[in-house]
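Quick one: the structure is below, questions incoming.
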Amino acid sequence: MNDLHDVVIVGGGLVGASLAIALDRLGLDVGLVEATPAGELPAVFDQRNLSFAAATVNALTALGVMQRLEGAPGPIRRIHVSRAGDFGRVAMDAGDYGRDAFGQVVVARDFGRALEARLGDLSQLTRYRPAKFVGLGGCADGRREVLIADAAGERRLHARLVVGADGTRSAVRQALGIDASEHDYQQTLFVARVRAARAPDGTAWERFTDTGPTALLPRGDRHYGLVHGVARDDAEAVMALDDTAWLARLQAVLGWRAGRLLESGPRSAYPLIQVLAQRLVGERALLLGNAAQTIHPLGAQGFNLGLRDALTLAELIGDAVQDPGADDLLQAYVQRRGPDREQTLAFSDGLARLTGNPAALLRPLRSLGLVAAAQAAPLQSFLVGGAMGFRGQVPELCRSQAR
Ligand SMILES: Cc1cc2nc3c(=O)[nH]c(=O)nc-3n(C[C@H](O)[C@H](O)[C@H](O)COP(=O)(O)OP(=O)(O)OC[C@H]3O[C@@H](n4cnc5c(N)ncnc54)[C@H](O)[C@@H]3O)c2cc1C
C-alpha cells in the first residue's frame with residue numbers, strides 16, 4: 001500500500017466519507033482512516049433522522065450518493081412550528097418559496113449504507129480500517145506525517161494535507177494543539193421511529209415546550225422520525241418509561257396533529273453539548289465537520305454545515321490546481337467558511353436557548369418572536385434560505401441540481 005497521499009482524511013463518518021467522494025472526482029489520491037472495521041458502519045450511522053437541506057440534497061445527488069439510497073427519503077414540504085402556551089405559530093410551505101421541498105429526511109443508517117456503496121466505486125481511494133489516528137509528525141518535502149495504528153502496529157502515512165473529520169472529540173484537533181470551547185445545554189435529545197394514525201403528508205411538526213423541542217419529521221417509510229428534548233435531570237426517568245407511558249408523554253406534548261401515536265421503535269438518547277474549535281487550520285492540516293464545530297441538533301444543521309465545509313475545501317482544491325496543503329489555500333478556506341459557520345452557529349444556538357429557556361418572564365417575548373416570524377416575510381425568507389443551505393457563498397455542487 002502506498003503511504004503517500006495528496007490528502008489523508010481522518011474519520012470516515014458523514015463528512016469525511018462525503019469529502020472522500022468529492023476529492024475523488026478531482027482525481028486526487030486520498031487515504032481515508034477510520035476506526036471502524038470493514039463490513040461495519042461507524043456507530044454514528046445509527047437511527048437518528050437527518051434532515052438534509054435542499055442544498056445538501058443537490059450536492060449529494062451530484063456526488064452520486066442520493067441515488068444509492070435503498071428507500072425513498074421523506075420530503076419536507078411544509079414546516080409547522082408552535083410553542084406550548086403561546087399564541088404564535090409559524091407555518092411555512094416550500095411552494096411559497098418556489099420549491100418542491102425544504103429538504104429530505106433520511107435515516108442516518110440508510111445514509112451510511114449509501115455512502116459505503118458509493119465509496120466502493122472509487123478507484124483511487126485507499127482505505128485504512130480499522131485504523132486509529134494516533135498522532136501527527138512534522139512536515140518535510142511538502143508533506144505532513146500522520147501516525148496511525150492498526151492490527152499490525154503503528155504505521156506512518158504522508159500527506160500534502162491532513163483533514164481532521166474525526167468528530168466531536170477530535171484527536172486531530174488535539175494533536176494540532178487547537179483548544180475547543182464547550183457549552184452543555186443540560187438537555188438530552190431522544191430519537192425514535194414513531195407510527196401515527198395519520199401517515200406523514202410532507203409536514204414537519206415542531207413543538208417547543210419549556211424543557212426543549214419535540215418534532216415529528218416525515219420519513220419516507222410511513223413512519224415519523226421523532227426527536228424529543230428533555231431536561232438532563234429527567235432523561236433517566238424518560239428512558240425508563242414503558243412504551244405506553246412514553247407514547248402518552250409524546251401525545252401530551254404534540255397534541256393530535258398527526259392523530260393518535262400508535263407505536264414507537266427503540267429510543268436512543270444524546271446529551272447535547274456544543275463544542276467549537278478555536279481555530280480551523282494548522283500546518284498542512286485542517287478541521288471540518290463535528291471536529292470543527294459540534295452544534296445543537298435542533299436546527300438540523302450539523303451535517304448540512306459540515307458538508308458545506310467539505311465541498312468548499314474540494315472546490316478550493318479543484319480551482320487551485322496546486323498543493324492542497326498550501327498555506328494560502330488553507331487561509332482562503334478559513335475566510336470562505338467564516339460567515340456560513342458563524343451564522344449557522346448563531347442560528348442553532350439561538351434557537352436552542354430561546355426555545356429551551358424556562359424563565360416565565362421570557363414567555364411574552366418568545367410569543368412575540370414566533371408571531372413576528374410568522375408575519376415578517378423577509379425574516380422568514382432569511383430563515384428558510386439558511387435552513388435550506390443557500391446562505392452566503394454556497395459551494396457550486398449545492399446549486400447544481402437546484403430546482
Ligand atoms: C440526534 C441527532 C440528530 C441530528 N440531526 C441532524 C440533522 O437532521 N441534520 C444535520 O445536518 N445534522 C444532524 N445532526 C448532526 C450530525 O449527526 C453531525 O453533524 C455529523 O454526524 C457530523 O459528521 P462528522 O463526519 O463530522 O463526524 P462523525 O459523524 O462523528 O464521524 C466521525 C468519524 O470519525 C471516526 N473516528 C473518530 N476518532 C477516530 C480516530 N482516532 N481514528 C480513526 N477514526 C476516528 C469515527 O469512527 C466516525 O466514523 C444530528 C445529530 C444528532 C446527535
Side-chain angles (χ1 to χ4, degrees), residues 8-20 31-37 40-53 55-57 60 73-74 76 102-109 111-112 115-116 127-136 146-150 157 162-175 185 187-192 204 206 213 215 217 219 225-229 267-275 277 287-310 344 348 387-389:
V8 164
I9 303 168
V10 179
L14 283 74
V15 176
S18 303
L19 177 65
L32 181 60
V33 179
E34 169 56 50
T36 311
E40 284 177 33
L41 286 177
V44 65
F45 294 111
D46 57 14
Q47 285 303 320
R48 78 186 65 172
N49 303 286
L50 299 166
S51 297
F52 288 171
T56 295
V57 175
L60 291 173
I76 303 177
F102 290 117
Q104 305 276 343
V105 180
V106 175
V107 180
R109 188 144 204 88
F111 181 47
L115 278 172
E116 188 55 42
R127 303 187 71 174
Y128 299 94
R129 57 175 178 165
K132 259 193 119 161
F133 168 88
V134 286
L136 288 171
V146 185
L147 273 70
I148 64 170
D150 59 20
L157 311 179
V162 182
V163 175
D166 52 343
T168 308
R169 299 288 159 214
S170 169
V172 176
R173 188 176 68 220
Q174 220 177 354
Y185 291 98
Q187 282 178 4
T188 295
L189 201 67
F190 283 87
V191 169
E206 302 190 3
L217 304 172
R219 291 176 29 156
L226 168 93
V227 285
H228 179 49
R267 287 158 245 173
S268 359
Y270 305 83
L272 298 183
I273 303 170
Q274 182 188 70
V275 181
L287 302 174
L288 42 70
N290 270 18
Q293 66 272 320
T294 298
I295 62 179
H296 193 299
L298 174 54
Q301 295 290 313
F303 169 63
N304 291 308
L305 180 67
L307 182 68
R308 296 197 293 275
D309 289 346
T344 307
S348 298
M388 288 199 291

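All ligand and atom numbering here is 1-based and tracks the order in the structure.
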Please check if the side chain of S170 supplies one atom and the backbone of D166 the other of a donor-acceptor pair under 3.5 Å.
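Flag not set: sc S170 to bb D166 has no pair under 3.5 Å.
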With rounding to the nearest 0.5 angstrom, report the CG to CG distance, L115 to L60.
7.5 Å
Pairwise salt bridge (Lys or Arg N to Asp or Glu O under 4.0 Å) hits with a residue in residues 42-51, at least two apart:
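Residue pairs passing salt bridge (Lys or Arg N to Asp or Glu O under 4.0 Å), neighbours aside: D46-R48.
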Considering the heavy atoms of Y270, write down every atom of ligand 1 situated less than 4.0 Å from one of them.
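Counting atoms of ligand 1 from 1, those under 4.0 Å from Y270 are 1 (C), 53 (C).
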N/O to N/O below 3.5 Å, does that happen between R48 and ligand 1?
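Checking ligand 1 against R48, an N or O pair does fall under 3.5 Å apart.
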Looking only at protein heavy atoms, which one is nearest to atom 31 (O) of ligand 1, and how far off is it?
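Nearest protein contact, heavy atoms only, for atom 31 (O) of ligand 1 is G13 CA, 3.5 Å.
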Which ligand 1 atoms, with their elements, are less than 4.0 angstrom from a heavy-atom of A165?
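Answer, ordered by atom number: 32 (C), 33 (C), 34 (O).
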Fit a plane to each ring of F45 and F111, take the angle between them on a 0 to 90° scale, and name the class: parallel (under 30°), tilted (30 to 60°) or perpendicular (over 60°).
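Perpendicular.
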For ligand 1, the portion of V44 having any non-hydrogen atom under 4.0 Å away:
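Contact part for V44 vs ligand 1: side chain (C-beta onward).
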Can you tell me how far apart CZ (F303) and CG (N290) are? Round to the nearest 0.5 Å.
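Output value for this atom pair is 11.0 Å.
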In terms of atom number and element, which parts of ligand 1 are under 4.0 angstrom from non-hydrogen atoms of V191?
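The list of qualifying atoms is 1 (C).
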Side chains of V146 and V33 in contact at under 4.5 Å (non-hydrogen atoms):
no
Working for side-chain contact (heavy atoms from CB on, under 4.5 Å), residues R173 and V275
CA-CA 12 Å; R173 188 176 68 220; V275 181; 3.9 Å; yes
Within-cut-off N or O pair, G11 and ligand 1, under 3.5 Å:
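It does not: no N or O of G11 is found under 3.5 Å from an N or O of ligand 1.
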Residue, atom and distance of the protein heavy atom nearest atom 12 (N) of ligand 1 read F303 N, 3.0 Å
Kindly determine whether V172 and L287 satisfy side-chain contact (heavy atoms from CB on, under 4.5 Å), including the steps that lead there.
CA-CA 8 Å; V172 176; L287 302 174; 4.1 Å; yes
Consider every N or O of A291 and every N or O of ligand 1, then say whether any pair is closer than 3.5 Å.
no
Protein contact of atom 23 (O) of ligand 1 - nearest heavy atom, named by residue and atom, plus distance:
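Checking every protein heavy atom, the shortest distance to atom 23 (O) of ligand 1 gives V15 CG2, 3.6 Å.
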With atoms numbered from 1 as shown, which atoms in ligand 1 lie under 4.0 angstrom from a non-hydrogen atom of P42?
49 (O)
Who's closest to atom 47 (O) of ligand 1 heavy-atom-wise, of R169, E34, Q301?
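Residue with the shortest heavy-atom distance to the ligand atom: E34.
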Is A131 close enough to touch ligand 1? Criterion: a residue heavy atom under 4.0 Å from a ligand atom.
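Distance cut 4.0 Å: A131 passes for ligand 1.
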I need the nearest protein heavy-atom contact for atom 30 (O) of ligand 1: residue, atom name and distance, please.
G167 CA, 3.8 Å
Is there a polar contact, in the sense of an N or O pair closer than 3.5 Å, between F133 and ligand 1?
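There is such a contact, yes.
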Taking 4.0 angstrom as the limit and counting only heavy atoms of G289, give me the atoms of ligand 1 inside it, by number and element.
26 (O)
Among all protein heavy atoms, pick the one closest to atom 36 (N) of ligand 1 and tell me residue, atom and distance.
D166 CB, 4.0 Å
Looking only at distances, can you tell me whether any N or O atom of L14, backbone or side chain, sits closer than 3.5 Å to an N or O atom of ligand 1?
yes
With rounding to the nearest 0.5 angstrom, report the CD to CZ distance, Q104 to R219.
14.0 Å
Taking every non-hydrogen atom, the tightest pair across L136 and L147:
C-CD1, 4.5 Å
Which is closest to atom 14 (N) of ligand 1 in terms of heavy atoms, T168, N49, L50, I9?
L50
Decide, yes or no, whether a salt bridge links E116 with R127 under the criterion of side-chain N to carboxylate O below 4.0 Å.
yes
Tell me every residue that passes side-chain hydrogen bond (donor to acceptor under 3.5 Å, both in side chains) with D309, counting only those two or more places apart in sequence or in another chain.
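Listed in chain order: Q293, R337.
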Protein heavy-atom partner closest to atom 18 (C) of ligand 1 - residue, atom, separation in Å:
N290 OD1, 3.5 Å
Which atoms of ligand 1 are found less than 4.0 Å from any heavy atom of S51?
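Those of ligand 1 that fall under 4.0 Å from S51 are 7 (C), 8 (O), 9 (N).
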Just verifying a value: how many Å separate R129 CZ and I148 CD1, rounded to the nearest 0.5 Å?
13.0 Å
Test of proximity, K132 against ligand 1: N or O pairs below 3.5 Å
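K132 vs ligand 1: no N/O contact under 3.5 Å.
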Under 3.5 Å: N/O of A35 near N/O of ligand 1:
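For ligand 1, there is an N or O atom that lies under 3.5 Å from one belonging to A35.
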Can you pull out the closest protein heavy atom to atom 50 (C) of ligand 1? Residue, atom name and distance to 0.1 Å, please.
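Answer, as residue, atom name and distance: P297 CB, 3.9 Å.
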What distance separates T56 OG1 from R308 CZ, expressed to the nearest 0.5 Å?
6.0 Å
